[in-house]
4 protein chains.
Amino acid sequence: MTATAPRPARTPRGARTRARLLEAAEHVFETVGYHEASIVKITEEAGVALGTFYVHFSGKKEIFDEVVGDLSHRVRQAMSEASSAVPDRIGAERAGFRAFFRFTAEHPALYRIIRQAEFVSPEAMQAHYANIVDGYAAGLAAARGRGDIRPVDPTVAAWALMGAGELIGMRWILWEQAADIPEDVYEALMDVVQGALAPTTRTAGPSLPSATTTDTRPDL
Amino acid sequence: MTATAPRPARTPRGARTRARLLEAAEHVFETVGYHEASIVKITEEAGVALGTFYVHFSGKKEIFDEVVGDLSHRVRQAMSEASSAVPDRIGAERAGFRAFFRFTAEHPALYRIIRQAEFVSPEAMQAHYANIVDGYAAGLAAARGRGDIRPVDPTVAAWALMGAGELIGMRWILWEQAADIPEDVYEALMDVVQGALAPTTRTAGPSLPSATTTDTRPDL
Amino acid sequence: MTATAPRPARTPRGARTRARLLEAAEHVFETVGYHEASIVKITEEAGVALGTFYVHFSGKKEIFDEVVGDLSHRVRQAMSEASSAVPDRIGAERAGFRAFFRFTAEHPALYRIIRQAEFVSPEAMQAHYANIVDGYAAGLAAARGRGDIRPVDPTVAAWALMGAGELIGMRWILWEQAADIPEDVYEALMDVVQGALAPTTRTAGPSLPSATTTDTRPDL
Amino acid sequence: MTATAPRPARTPRGARTRARLLEAAEHVFETVGYHEASIVKITEEAGVALGTFYVHFSGKKEIFDEVVGDLSHRVRQAMSEASSAVPDRIGAERAGFRAFFRFTAEHPALYRIIRQAEFVSPEAMQAHYANIVDGYAAGLAAARGRGDIRPVDPTVAAWALMGAGELIGMRWILWEQAADIPEDVYEALMDVVQGALAPTTRTAGPSLPSATTTDTRPDL
DNA sequence: TATGAATGAGACTTCATTCAT
DNA sequence: TATGAATGAAGTCTCATTCAT
């Protein structure tokens, strides 16, 4: 995810300092965003001298990429752990979104950082989204194979539903600075998600065939 | 939307200069983002002297807000025009998304700017999203009243589907620098959207209670 | 000589400030050398704000090149004026060296700066020496054509004698911080120079074949 | 030459490390000059840890002085060996210049370093030149005593001819990055040098009185 | 001796904004 | 209105040197 592998600290003391810097950076980025974040602020928060920063990182972008990679990894972990604990697809879906919202509430940093990353570190941002989608789409594809969900295109559906979750989280957690998503909003979203995925008996139209996106030409 | 109403230009020459600056600013913001955009770049692109900028705008944030407001207004206009031209809900839905993707392809600025605005001008960003949702949710509420769609919560559905469209646009238009969304992706997304909204006969699953969020966010 | 043409000041005030900066830079470079010279020192000496520097110059190297170009031009002017006022070659030679030493005594900057320029701005340094040699070699070639001097290779002789003058100036003006070169040193040097150039009847020694360089290096 | 005598290494390992550092420093100084040379670069090139540097040297200037002293010593050795192998003065002259140019071609470091040393370590630079001149002037004085050359002032002549050689070497070896001086240039220079020194019967002009510099620089 | 993390002064540069013309 | 010179705070980064291990 990061272009250059993180320098390994060669000393326990070094490792400790490096970790303190990362922690401080996450906090500063979360609070004031990438551009307002200065190395001075980060080192002050970490309680080390300015020059020490450059012993461990080559610059602001490098530590940013590492923070993003970290957060991205953690949110993926949280989501996949949660959803894989539930056997049925709908349940897994609910658990995954639940985990995502929890993580968002506890680490608003991810949100605020990712949305800034477009001009700062497009690679990091694209990797973040792509990694999440990969796991999500794989789950959807499997579910589709089992007939648990409608034959939607897994990749497109994954991007679409991730986008849905993202804006809902932004609106009801970040903007409200809430500790979690309101239950009714969560259920309303699940209703939409379930509608999008659940196998249905359509009142009209042929049941969609097809697997890959290209040949999928949904009617309507 | 903007805190201070835009200064009206006193003379035709002034109005022309002001317009040139706005145009230049939109281009610069789109190209390099808010933070890399400097007043010097904007004035150079507009072909006016540096000092002239401050004759027309109080600062960088002011012109940014105005550019965002502009773009936001235009995308809303494009979407509502497109969807209101179609009578049935599904058709309106398709037309609205279509217009959104078109606009995105033609004005990547909106995307790139909005996602930066969080730390620069949260009001502008929230206004942008809220305004779009307002119109969207109103349409959904009306459709629901007519029985054209399932009884989803209009506000939550609007945020969710806007999010879906946003990420799909980011992935397949911005990242690919495409001139429009690929047809198969568009249809795959429409399939998801339709699944989320279309009235169905469920084969299984608890009929989720219609969310009670409506009081939180007055839809309309 | 300078790669990029100097920005023309578009205002009398601007021109004044620019000149003040150049003057200050010459003094600072002379005093502490290129590397110890900081923009801060230059602007302080010029009595302008730090940022003002960058209104007129793109950086330290740019102003350095301009200062070098200036000094180089002035010393050439001084030398050619002096030597062209004297008809005979030996007299011209003496006058040229005299002018060079005078200039050196009055503007030690040139010396100290040029010898630093190798790593800083090789182009500027090479241009300086090459320009001096050009004029010098042309004079020697003409004198040779008239039979005023021995048939030495004008270019090689010009570089050699310039080198001789340079070290003599360094040793007896710069190192001694003298106001001018000691008369006896001057005469002793002139003796050497005259020996090198004056037409002679050799009493002994193999009459060296007139160097074979002449064909290789077109002597003007 | 150097203010503080070089610390003797206490152990064989220490001596090896010290030598590695000196070698690395010579290379780094030659490549990027004094100011761009950093202790980090030197230690990296030497393959030792940063802190190790200060075990052997007190700082950057100290190692610089030692490198300069080394090179200066080696070039003097090369020149005196070469010239002392030839009995007649003109032959010795030619051999000395030849050796100087050879050394220059093989160790451009000397050149580049010395010309930087003015602001870094004037003592080292002055010592370098003075040492060379001492030997050179002594040789000239002896030759003059034997009547091998004209009665020029030995010290002034030594400085002058050293300057001549220096610029010729700079122009045709350093700037051209040549492996040696072109033969024709060498001969043309020797022609000039011989003209300057060789005993002659002047066809015209007063035979200049031997300069009175002798008090300044005792010849012998 | 050797190591490498830590330090902090100081350098360069940018840029939003002011102001006299 | 328009101009462009002037300002100076703030930011990033380097690097010689110290020090604990």
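Both backbone and side-chain heavy atoms feed into the values below; hydrogens, waters and symmetry mates do not. Order of the sequence lines fixes the chain letters, A, B, ..., with proteins taken first and strands second; residue numbering starts at 1 for each chain.
- Contact check of residues 37-51 of chain B against DNA chain F (heavy atom, cut-off under 4.0 Å) returns B/Val48, B/Ala49, B/Leu50, B/Gly51.
- In this model, the phosphate group of E/dT17 is approached by a side-chain N or O of B/Tyr54 to a distance below 4.0 Å at OP1 or OP2.
- Not counting sequence neighbours, C/Arg20 has no partner by the side-chain hydrogen bond (donor to acceptor under 3.5 Å, both in side chains) test.
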Check: Just the dot-bracket of DNA chain E, please: which string comes out with Watson-Crick or G-U pairs under 3.5 Å, [ ] for crossing, | for another strand?
Finding: .||||||||||||||||||||
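- Remark: A/His35 is not in phosphate contact with F/dG11, judged by side-chain N or O atoms under 4.0 Å from OP1 or OP2.
- Side chains of C/Leu110 and C/His128 form a contact here, defined as non-hydrogen atoms less than 4.5 Å apart.
- Applying the side-chain contact (heavy atoms from CB on, under 4.5 Å) test to B/Phe119 and every residue at least two apart in sequence or in another chain returns A/Arg112, A/Gln116.
- When the P atom of E/dC15 is taken as reference, atom CZ of B/Phe57 falls 20 Å away, rounded to whole Å.
- Between A/Thr11 and F/dT21 there is no side-chain polar atom (N or O) within less than 4.0 angstrom of OP1 or OP2.
- Between the P atom of F/dG4 and the CZ atom of C/Arg16 lies a distance of 17 Å, rounded to the nearest Å.
- Mapped onto DNA chain E by nearest heavy atom, C/Lys60 and D/Arg13 fall at different nucleotides, with D/Arg13 at the one closer to the 5' end.
- Distance, B/Phe53 CZ to F/dA5 P: 19 Å, rounded to whole Å.
- Note on residues 24-34 of chain A: pairs passing salt bridge (charged side-chain N to carboxylate O under 4.0 Å, His left out), not counting sequence neighbours, are A/Glu26-A/Arg74.
- Two residues, B/Lys61 and C/Glu36, neighbour DNA chain E, and the one matched to the more 5' nucleotide by heavy-atom proximity is C/Glu36.
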Could you list the donor-acceptor pairs under 3.5 angstrom formed between side-chain atoms of residues 36-44 of chain A and any protein atom two or more places apart in sequence or on another chain?
| residue | atom | partner | partner atom | Å |
| --- | --- | --- | --- | --- |
| A/Ser38 | OG | A/Lys41 | N | 3.1 |
| A/Lys41 | NZ | A/Glu36 | O | 2.9 |
| A/Thr43 | OG1 | A/Ile39 | O | 3.0 |
| A/Thr43 | OG1 | A/Val40 | O | 2.9 |

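- Contact check for A/Glu66 versus A/His56: no side-chain heavy atoms found under the 4.5 Å cut-off.
- Between A/Thr17 and E/dA6 there is a side-chain polar atom (N or O) within less than 4.0 angstrom of OP1 or OP2.
- Every ring-ring contact (aromatic ring centres under 6.0 Å, His included) that B/His107 has, sequence neighbours left out, goes to B/Phe103.
- The distance between atom CD1 of D/Ile63 and atom P of F/dA16, rounded to the nearest whole Å, is 12 Å.
- A search for side-chain hydrogen bond (donor to acceptor under 3.5 Å, both in side chains) contacts involving B/Ser121 returns B/Lys61, B/Asp65, B/Glu123, not counting sequence neighbours.
- Rounded to an integer number of Å, the gap from OH of B/Tyr34 to P of E/dA16 is 8 Å.
- Among residues two or more places apart in sequence or in another chain, the side-chain hydrogen bond (donor to acceptor under 3.5 Å, both in side chains) test is passed with B/Tyr34 by none.
- Between the C1' atoms of E/dT1 and F/dT21, the separation comes to 13 Å (whole Å).
- Under the rule for a ring-ring contact (aromatic ring centres under 6.0 Å, His included), the partners of B/His35 that lie at least two apart in sequence or sit in another chain are A/His35.
- Residues satisfying the side-chain hydrogen bond (donor to acceptor under 3.5 Å, both in side chains) test with D/Glu118, not counting sequence neighbours, are none.
- For the segment residues 112-119 of chain D, no residue has any heavy atom less than 4.0 angstrom from an atom of DNA chain F.
- The closest donor-acceptor contact from the side chain of D/Thr11 to the backbone of D/Gly14 lies under 3.5 Å.
- One finds a side-chain N or O of C/Thr52 lying less than 4.0 angstrom from the OP1 or OP2 phosphate oxygen of F/dT7.
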